[in-house]
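Okay, so here's the structure we're looking at.
Computed from heavy atoms alone, side chains included, the values below leave out hydrogens, waters and symmetry copies.
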Amino acid sequence: MTAIAPPSMDEFESLSVDVQETHVHLRRAGDGPPLLLLHGFPQTHLMWRHVAPRLARRFTVVCADLRGYGASGCPPSDAAHAPYSKRAMARDLVLLMTQLGFARFAVAGHDRGGRVAYRLALDHPGCVTRLAVLDVLPTDTVWDHADVRFALGYWPWSMLAQAEPLPERLLQSASDAVVDSALDGWGPKGDAFEPAIRAAYARPLRDPAHAHAICEEYRAAASCDRDHDASDRRAARRIACPLLALWSAGGPLDTWYVDGGGPLALWKPWCDALQGHSIEGGHFFPETRPDATARALDDFFSAEGSGPCQ
């Protein structure tokens, strides 16, 4: 029997696109309906290396580095951290997809990318056909439910949101330790993260501009992002398109929020057309369980009725 080579991103085009305030680096492949994939911390677009080639068989897949991450630009910030709000990041991506020729597209985001993805759907409802969020809850929900488990388990939320320059110095001087702690602490130990991938994730953290940008993104999550969510709740704004929530089986979302009804109950106030389930493999299940992740996303984004909810 002839062995089948595993999917890779070798055939993906690499390019950088100017989006007014900065530039966004991306990898693109496929020929079908557009699908934008967004990464989390401490990753880059490379987190989709096993999932994106499978999805590119059916979709035009765009894997982007968020502003401040990977090979994307690091525009100046301000005292309110607004340039690194999820609102600003979402605006980058609307401009990006428009320049690529896609006025409407589907989007999936993991971790920080999930927060950008749902903000994109809220702020630009005419652009998003379907939305998938991976191992995240709304930002204000996370802060409202924060406890000692959260403070110790997901330390970047509080550590990286501290005033500069302390967290920037920690990222730059201990980038390998930061990456190893996240990858090994939030998922099952194994060989999903080969040395080259760990090195690729650590490299931007050593750069002063990227370290500062990433900390600014976490400061925004503790301030303006939370305010944006709260404002939307008061105004009863909702996500207009179908929403898929996926989370780690046995992980924090699966176990910390039982009293609140679990992830689907906590997402329900944001969207009527909601579905979701857990996936084995820890927080980084797109990398540790790429087959299951790709199947779930393929099924959801290929479903009938991909337009906005009525």
> Can you name the residues that form a salt bridge (charged side-chain N to carboxylate O under 4.0 Å, His left out) with D31, not counting sequence neighbours?
Replying inline: none

>> Just to verify, what does R149 make a salt bridge (charged side-chain N to carboxylate O under 4.0 Å, His left out) with, not counting sequence neighbours?
In response: D147

>> Do E287 and R49 make a side-chain contact, defined as non-hydrogen atoms from C-beta onward lying under 4.5 Å apart?
In response: yes

> Can you tell me if H283 and D111 form a side-chain donor-acceptor pair at under 3.5 Å?
Replying inline: yes

> Do F41 and W157 have their ring centres less than 6.0 Å from each other?
Replying inline: no

>> Whether the T60 and R28 side chains hold a donor-acceptor pair (N or O, under 3.5 Å, no angle test) is what I'd like checked.
In response: no

>> If you define the side chain from C-beta out and look only at heavy atoms, does anything of E280 sit under 4.5 Å from P188?
In response: no

>> Under the rule for side-chain contact (heavy atoms from CB on, under 4.5 Å), what residues qualify as partners of R206, not counting sequence neighbours?
In response: S175, D176, A202, R203

> For E194, does the CD atom sit with more than 12 other heavy atoms under 6.0 Å from it, leaving out its own atoms?
Replying inline: yes

> Which residues pass the side-chain hydrogen bond (donor to acceptor under 3.5 Å, both in side chains) test with D92, sequence neighbours left out?
Replying inline: R67

> According to the interplanar angle, ranging from 0 to 90°, do the rings of Y257 and H145 count as parallel (below 30°), tilted (30 to 60°) or perpendicular (above 60°)?
Replying inline: perpendicular

>> Just to verify, what does D140 make a side-chain hydrogen bond (donor to acceptor under 3.5 Å, both in side chains) with, not counting sequence neighbours?
In response: R233

> Quick one: salt bridge (Lys or Arg N to Asp or Glu O under 4.0 Å) pairs with a partner in residues 251-260, sequence neighbours left out?
Replying inline: none

> Thinking salt bridges, do D144 and R226 make one under a 4.0 Å N-O criterion?
Replying inline: yes

>> Under a 3.5 Å distance rule, please check whether W186 uses its side chain to pair with a backbone N or O of G153 as donor and acceptor.
In response: yes

>> Less than 6.0 angstrom from the centroid, inside 45 degrees of the normal: does R130 satisfy that with respect to the ring of F300?
In response: yes

Please list every donor-acceptor pair under 3.5 Å in which a side-chain atom of residues 237-244 meets a protein atom from a residue at least two apart or in another chain.
| from | atom 1 | to | atom 2 | distance (Å) |
| --- | --- | --- | --- | --- |
| R237 | NH1 | D232 | OD1 | 2.6 |
| R237 | NH2 | L122 | O | 2.4 |
| R238 | NH1 | P269 | O | 2.5 |
| R238 | NH2 | D272 | OD1 | 2.5 |

> Does V116 reach the side chain of L66, with side-chain heavy atoms less than 4.5 Å apart?
Replying inline: yes

> Can you name the salt bridge (charged side-chain N to carboxylate O under 4.0 Å, His left out) partners of R198, sequence neighbours left out?
Replying inline: D180, D184

> Does CD belonging to Q99 count more than 12 external heavy atoms closer than 6.0 Å?
Replying inline: yes

> Of all residues at least two apart in sequence or in a different chain, which pass the salt bridge (charged side-chain N to carboxylate O under 4.0 Å, His left out) check with D225?
Replying inline: K86

> Given the side-chain rings of W247 and W267, with only the six-membered ring counted for Trp, is the space between their centroids under 6.0 Å?
Replying inline: no

> Any chance the side chains of Q162 and Y218 put a donor and an acceptor closer than 3.5 Å?
Replying inline: no

> Listed by chain and number, what are the ring pair (Phe, Tyr, Trp, His ring centres under 6.0 Å) partners of H81, not counting sequence neighbours?
Replying inline: none

>> Students often mix this up, so state it plainly: with edges at 30° and 60°, are the rings of F193 and F284 parallel, tilted or perpendicular?
In response: perpendicular

> Stepwise, does the salt bridge (Lys or Arg N to Asp or Glu O under 4.0 Å) test hold for D123 with R91?
Replying inline: CA-CA 9 Å; D123 286 359; R91 188 167 58 247; over 6 Å; no

>> Please enumerate all residues that pass ring pair (Phe, Tyr, Trp, His ring centres under 6.0 Å) together with F59, with sequence neighbours excluded.
In response: none

> Can you name the residues that form a side-chain contact (heavy atoms from CB on, under 4.5 Å) with H25, not counting sequence neighbours?
Replying inline: S14, R27, H45, D65, A71, S72

> Going by heavy atoms in the side chains, are L246 and S278 under 4.5 Å from each other?
Replying inline: no

